[in-house]
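Since the structure comes first, as structure tokens, the remarks are kept for the end.
Counting starts at 1 for both ligands and their atoms, in listed order.
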Amino acid sequence: MNIAFGTDHGGFSLKNSIIEKLNELNVNIMDMGSYTIDNEDDYPDIVEPVAKAVSSGKADRGILLCGSGIGASITANKFPRVRASVCHDFYSAQQGVEHDDMNIICIGARVINEEKAVKIIELFLSAKFNLKEEKYKRRLNKLINIEKKYK
Ligand code: RB5
């Protein structure tokens with residue numbers, strides 16, 4: 001599984017533990033920065049390559065960190081085929097993939113701690129979109145149609 005990863009300075013404190021977990025999970029990490037803390041960096045610059053990788057299919061999923069997760073998710077959702085969401089609880093990390101085919105998870109390092117973030121990432125990556133239930137496909141198709149209609 002190819003995982004695009006990005007963080008601005010607001011999310012940087014979680015980076016090492018998440019990369020460690022991704023290594024444990026044996027996924028291919030596409031680390032798109034930042035690589036050092038720069039308090040003047042801007043989250044859209046970090047989000048762009050990650051969202052682009054997911055949008056184009058080069059990455060299967062994406063993980064974005066910022067202070068709150070909000071700026072990252074707003075930016076990521078500007079890209080076609082990206083379904084990004086802020087997620088700070090275990091239930092949504094899994095259900096967001098199973099029901100909504102969420103393909104980028106956004107976490108705020110000022111909101112949750114390392115332990116919780118790592119567990120959330122694990123749940124996000126092990127979840128799969130539920131193809132057995134017709135209603136989830138129907139909803140996803142409606143969402144895709146909205147994306148096409150207003151692009
Ligand atoms: C950076 O200070 C902070 O504003 C940013 O990381 C993020 O929280 C935006 O949503």
Side-chain donor-acceptor contact under 3.5 Å, Asp38 with His9: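 No, no side-chain donor-acceptor pair sits under 3.5 Å.
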
Is Ala72 close to ligand 1, meaning an N/O of one under 3.5 Å from an N/O of the other?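 No, Ala72 has no N/O under 3.5 Å of an N/O on ligand 1.
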
Got an N/O contact under 3.5 Å between His9 and ligand 1?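 Yes - when backbone and side-chain N and O of His9 are compared with those of ligand 1, one distance drops under 3.5 Å.
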
Should the heavy atoms of other residues, nucleotides or ligands under 6.0 Å from CD of Glu147 be counted, would the total exceed 12?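 Correct, the count exceeds 12.
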
More than 12 heavy atoms of other residues, nucleotides or ligands under 6.0 Å from CG of Asn141: yes or no?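 More than 12 heavy atoms, drawn from other residues, nucleotides or ligands, come within 6.0 Å of this atom.
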
Nearest atoms (heavy-atom pairs only) where Ala59 meets Met30: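 What the structure gives for the nearest pair is CB-SD, 3.8 Å.
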
If you compare all heavy atoms of Pro80 against all heavy atoms of Ser55, which two are closest, and at what distance to 0.1 Å?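 Heavy atoms of Pro80 and Ser55 come nearest at O-OG, 2.6 Å.
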
[atom] [closest protein heavy-atom partner, distance rounded to 0.1 Å]:
atom: atom 8 (O) of ligand 1; result: Ser68 N, 2.9 Å
atom: atom 10 (O) of ligand 1; result: Gly71 N, 2.8 Å
atom: atom 4 (O) of ligand 1; result: Arg110 NH1, 4.3 Å

If you count the atoms of ligand 1 from 1 in the order shown, which ones are under 4.0 Å from a heavy atom of [X]?
X: Gly67; answer: 5 (C), 6 (O), 7 (C), 8 (O)
X: Cys66; answer: 6 (O), 7 (C), 8 (O), 9 (C), 10 (O)
X: Tyr43; answer: 9 (C)
X: Asp8; answer: 1 (C), 5 (C), 6 (O)

Can you find a heavy atom in the side chain of Ser34 that is under 4.5 Å from one in the side chain of Ile46?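 Contact flag for Ser34/Ile46 side chains = yes.
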
NZ/NE/NH1/NH2 to OD/OE distance under 4.0 Å, Asp89 and Lys116: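 Looking at Asp89 and Lys116, the cut-off is not met.
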
